[in-house]
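Chain letters run A, B, ... following the sequence lines, proteins first, then strands; residues in each count from 1.
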Amino acid sequence: MSTDTAHDQDAVPAHRYTAALAGSIEQRWQQHWEEHGTYHAPNPVGPLSTGKPVPDDKLFVQDMFPYPSGAGLHVGHPLGFIGTDVFARYHRMNGRNVLHTMGFDAFGLPAEQYAVQTGQHPRTTTETNIETYLRQIRRLGLGHDERRRISTIDEGYYKWTQWIFLQVFNSWYDADAGRARPIDELIAQFADGSRPTPDGRPWAELSGTEQQAVLGEHRLAYLSEAPVNWCPGLGTVLANEEVTADGRSERGNFPVFRRSLRQWMMRITAYSDRLIDDLERLDWPEKVKAMQRNWIGRSHGARVRFAVGDESIEVFTTRPDTLFGATYAVLAPEHDLVDRIVPDEWPADVDPRWTEGAATPAEAVAAYRRAASTKSELDRQENRDKTGVFTGAYAVNPVNGARVPVFVADYVLMGYGTGAIMAVPGQDQRDWDFATKFGLPVVRTVRPSDGFEGEAFTGEGPAINSAFLDGMGVDDAKKTIIGWLEEHGHGRGTVQYKLRDWLFSRQRYWGEPFPVVYDSDGAPIALPDSMLPVVLPEVDDYSPRTFDPEDANSEPSPPLSRATEWTEVELDLGDGPKTYRRDTNTMPNWAGSCWYQLRYVDPTDDERFVGRENERYWLGPRTTEHGAADPGGVDLYIGGVEHAVLHLLYSRFWQKVLFDLGHVSGDEPYRRLFNQGYVQAYAYTDSRGTYVPADQVVEEDGKFFFEGREVNREYGKMGKSLKNVVTPDEMAETYGADTFRFYEMSMGPMDVSRPWATKDVVGAQRFLQRLWRNLVDENTGELRVTDEEPSEESLRALHRAVAGVREDYESLRYNTAGAKLIELNNHITKTYGGTAGTPRTIAEGVVQMLAPLSPHIAEELWSRLGHGESLAHGPFPRPDERYLVVDTVEYPIQVGGKVRSRVVVAAGASQDEVRAAALADEKIAELVGTATPRKVIVVPNRLVNIVL
RNA sequence: GCCCCCGUGGCCCAAUCGGCAGAGGCAGAUCCCUUAAAAGGAUUGCGGUACGGGUUCGAAUCCCGUCGGGGGCACCA
């Protein structure tokens, strides 16, 4: 091994661009950049300002906030980071003021779980991981403004996360004005009587506790006793978004139970309409917009009241036009009304299928509810057989006075709409299934299309069996019936959303503490800004108490509740020193990432979360550039599609609240979003299903072998357990970071997932090696550049590349940009490889164009070409039109769609001239013969097609 | 079940408005250099665009259907 290496080194010219040379160049330039603050982006004002005016032309590029995992990076992680870096570098070279940096979303469960196991403080673990992470990304040559690095666990950062929480807490949504307002303005309305209190008493007569309770109904952050997803196995409650469709925790896969707990909620539902409608103003992938719309789930319909004795059931329906076909009604098992409508006895002649054999309706309902409550969400999911039981009560269909039986059934969910439905089996398949099972009548109220042989008909058609609606289409019928319902006081048109308020408390240690305290009444009191941050206390035990995963009745006990010296605190909040209790929950992981783009802008401001002028410069709307509807926000935000709903919805919500309260100038955080694809990898399992090291598997005739035995190939993620991890460190070691960057960007378009192939990396290395050799003598290290005037052909090749590469960089097509550079370099090799050297014009052009993709080698060559200044701020070449125009065009001539000949015509030739030239061509004349072509199509600069 | 995206040489991928299927890389083949090997250099494209229809003078591109892959939602009334 050692002798081989020595031999190899003898054979390699001293100045060849090898991994070792690349490594030393890279380290040198990384140090240079850092020492010179090359990537510092000046702010208009404040400590990060240079005191000079900033250029109006700015660009804010952002990567999705990484979590500093202990496992370190694999080659998939930097795909987006390099992508943003190339974009940022390209625009920086073109003279724009570019803000690009990276911080850390550093609160989170892994560090806490590690702490639970080892007792090591999560901060220690996290900070170590951040060090590792920074070392890894530094090696990639990312042009970050390192002064702007932030971390959510820094007190200087989470102080402002807490401050924003208080802004949300101290505001309410004025539905009439369509925006959030300070809570004081609501108090003023109550106090002066312009807004009545819920029970009509004057505001001043309410006790302090009562007043707080009323305000709690309006605050955008509020405590709620509502049912939550309690996960005993994790010892915490979870947001709806963290629970899988089969009712288990997304992390850990433990059962989740619904139970009532007092938790912080964020009233994101107040913003449902704006969150949907403003999507239109964003330059985001349609897919992500669709996912957000779907998640918010706005549907238009009506609420209709069905009388049941003295009570009435309010149902929600999106198909009020089918009201005449409602043949029964259903309440969710948890619905309050059930107990009140159940009669003492079954009606005479009750259908035996409806009673479950119970002696009385009360018994039947109780048994059904019991059964439903023990059914896990998974059971409900898997078993779509309709079940239910008759309540013994009848409701009256308001539109025709029909008596319809009321059932309890778990296919109706308490959490959506009113928890009650009118069932229209003729137009709804679920209702059809239920009706069929229980022998309920079906009345069609929309005429099915001809030949329809299905069951429920959900399509368009004229109304039938619907009295005054008959003959109307669905939309007309909806409008008409809603009018009728409103006129007669039976209901009203309404809009329903799937989106629920955001559960904002976690029973965790490693998160932001809540900046509130509770008095003896248990009412939350916001701490004044001067008391922020509320710092996390030290504790002995980091674990929340976890329970038997199946124990639904267990009580949450967060780690902070054991820090008794911290939880009980004496404070003077204006009425003398009193003892208060702190909130022992912490904020969810999403909190810190909801607003980090704002802090990147002004990371050192300790007066405000972000300085106004700096915010307006980097994130404010720019209507002249982006149109009248421009919401402002980060100019390019790149990250994986996995954050399509949660992070991106929460961020938008916070941004809108801050906007409404006048703290920021734009109402959206991210103007343009781009989802990068994933780097995936093959993994191999042997006959026992055990993963074997992927780098030792060999391929033969389409089969795969490890140590001589055939193994099975799988395709998917890269991961330690799959034994297929490739790290950027290894790539930098073996090939150099510039090669790695170039290869990673060459693999395909940014938004497409692709398999990693280490063996292909050598292509990128060869390219950089050839480029180096074209400019530097491998044996002497002398510059191989001449002051010769390049040939016309070379200038054309150069400027064609400049024009194409510019477009490619601008539209994130780095793979084709790379290909054009290789093409140009191939031209240089061919033309000047055997000469004294490459003409300087060409050499400088190719180096400049390479810089965004492979910045270190470009800086090195640029400096060797005699330039004292870094290439980071340009120049980037512009195409010269003179070399883009062509003198002649070769037209292929098709006859009947097949290429039969070619003619060369002057570039400016008119269509008639091209046509004449084509018809005059010998081969064509022969084919056409004496016939007159039916049609001759001339596509300028493309081709000629003759139709005989 | 519903919705969205994607199928191009052995592999990763190009092809701007519907206009000659091929820019680039890997692998392969041949040759040059070399005592030899590696590295380097030169030359080299074998698929007609998953499949079946349709529109068009002309389809990888547009439309319909099928198959395959990936993703999202899922008893949301």
Side-chain angles (χ1 to χ4, degrees), chain A residues 4 7-8 11-13 16 18 245 285-288 290-291 294-295 297 299 301 315-319 322 330 380-381 383-386 409-413 415-424 427-431 433-434 496-498 641-642 644-645 677-678 680 699 702 715 742-743 746-749 751-764 766-767 769-770 773 778 804 807 811 813 815-823 825-826 829-830 833-834 890-899 902 933-948:
Chain A
D4 284 356
H7 185 74
D8 282 347
V12 173
R16 172 163 293 176
T18 58
E286 267 315 309
K287 177 188 171 135
V288 175
M291 283 164 72
N294 193 327
W295 188 262
S299 47
V315 304
F316 172 72
T317 176
T318 55
R319 293 295 302 276
T322 65
V330 185
R380 281 199 184 190
Q381 201 59 43
N383 191 355
R384 293 226 176 163
D385 259 3
K386 296 288 176 288
D410 66 1
Y411 82 94
V412 174
L413 310 175
Y416 184 74
T418 59
I421 62 157
M422 64 177 209
V424 187
Q427 268 79 229
D428 184 291
Q429 189 60 42
R430 292 158 302 185
D431 296 344
D433 294 342
F434 190 88
Q496 189 66 45
Y497 305 88
K498 278 197 259 182
V641 72
E642 69 271 19
V645 177
Y678 300 103
Q680 297 188 292
E699 182 179 357
Y715 179 57
F742 190 91
Y743 170 68
S746 301
M747 291 169 75
D751 52 352
V752 172
S753 294
R754 71 298 296 268
W756 179 260
T758 298
K759 68 176 177 58
D760 291 0
V761 180
V762 70
R766 284 179 194 153
F767 160 62
Q769 244 166 27
R770 284 173 199 156
R773 186 158 50 233
E778 284 192 332
E807 271 183 38
S811 49
R813 292 195 305 254
N815 54 327
T816 51
K820 289 180 175 91
L821 291 175
I822 294 172
E823 206 179 344
N825 190 53
N826 288 348
T829 306
K830 202 169 179 175
E890 188 188 61
Y891 280 84
I893 307 168
Q894 297 183 341
V895 177
K898 281 186 179 168
V899 179
R902 288 159 198 282
R934 286 223 320 260
K935 214 173 188 179
V936 179
I937 294 136
V938 178
V939 184
N941 297 318
R942 289 289 184 182
L943 55 56
V944 180
N945 189 11
I946 298 167
V947 187
L948 292 177

Describe the nucleic acid contact of A:Ile822 in one word from base, sugar-phosphate, nothing, applying a heavy-atom distance below 4.0 Å.
sugar-phosphate
So which nucleotide from B:C20, B:A23, B:A77 ends up closest to the side chain of A:Thr816?
B:A23
Contacts under 3.5 Å, N or O only, protein and nucleotides 54-63 of chain B:
from, atom 1, to, atom 2, distance (Å)
B:C57, O2', A:Asn945, ND2, 3.4
B:C57, O2, A:Asn945, ND2, 2.4

Checking all strands, does A:Asp431 fall into the base, sugar-phosphate, or nothing category for heavy-atom contacts under 4.0 angstrom?
nothing
Sequence neighbours excluded and cut-off under 3.5 Å, please list the side-chain donor-acceptor pairs for residues 754-764 of chain A, or say none.
from, atom 1, to, atom 2, distance (Å)
A:Arg754, NE, A:Val752, O, 2.6
A:Arg754, NH2, A:Pro749, O, 2.4
A:Arg754, NH2, A:Val752, O, 2.8
A:Trp756, NE1, A:Thr758, OG1, 2.7

B:C6 glycosidic torsion: syn (within 90° of 0) vs anti
anti
Set of residues satisfying side chain to side chain donor-acceptor pair (under 3.5 Å) with respect to A:Glu823, sequence neighbours excluded:
none
List the residues meeting salt bridge (charged side-chain N to carboxylate O under 4.0 Å, His left out) with A:Lys820, not counting sequence neighbours, and say none if there are none.
A:Asp808
Options B:G24, B:A77, B:C75, nucleotide nearest the side-chain atoms of A:Tyr411:
B:C75
Base of B:C20 paired with side chain of A:Arg902 (donor-acceptor, under 3.5 Å):
yes
Atom CG of A:Asn815 and atom P of B:A23 are separated, to the nearest Å, by 16 Å
Interatomic distance where CG belongs to A:Asn826 and C1' belongs to B:U43 [whole Å]
13 Å
Side chain of A:Lys830 - closest among B:U43, B:A14, B:A77
B:U43
I'd like to check the ring-ring contact (aromatic ring centres under 6.0 Å, His included) partners of A:Phe434; sequence neighbours left out, ordered by chain and number.
A:Tyr328, A:Phe407, A:Tyr411, A:Phe438
Write down the protein N/O and nucleotide N/O pairs, taken from nucleotides 6-12 of chain B, whose separation is under 3.5 Å; answer none if there are no such pairs.
from, atom 1, to, atom 2, distance (Å)
B:C12, O2', A:Met747, O, 3.0

Salt bridge (charged side-chain N to carboxylate O under 4.0 Å, His left out) partners for A:Arg902, two or more places apart
A:Glu890
When you compare the side chain of A:Arg319 with that of A:Val424, does any pair of heavy atoms fall below 4.5 Å?
no
Value in whole Å for how far the P atom of B:A21 lies from CZ of A:Arg942:
12 Å
If the condition is side chain to side chain contact (heavy atoms under 4.5 Å, CB included), which residues does A:Lys935 pass it with, not counting sequence neighbours?
A:Ile937, A:Val947
For A:Asp431, what residues pass the salt bridge (charged side-chain N to carboxylate O under 4.0 Å, His left out) criterion, not counting sequence neighbours?
none
Rounded to the nearest Å, what distance is computed from the CG atom of residue A:Leu821 to the P atom of nucleotide B:A23?
17 Å
Extract from the structure each pairing of a protein N or O with an N or O of nucleotides 29-35 of chain B at less than 3.5 Å, listing the distance.
none

Of the listed nucleotides (B:G40, B:C26, B:G19), which one gets closest to any side-chain atom of A:Leu943?
B:G19
Mind checking what makes side chain to side chain donor-acceptor pair (under 3.5 Å) contact with A:Glu642, not counting sequence neighbours?
A:Tyr678
Is B:G48 in the syn or the anti form, by the rule that syn lies within 90° of 0?
syn
Short heteroatom pairs, N/O only, protein and nucleotides 70-73 of chain B, under 3.5 Å:
from, atom 1, to, atom 2, distance (Å)
B:G71, O2', A:Lys287, NZ, 3.1

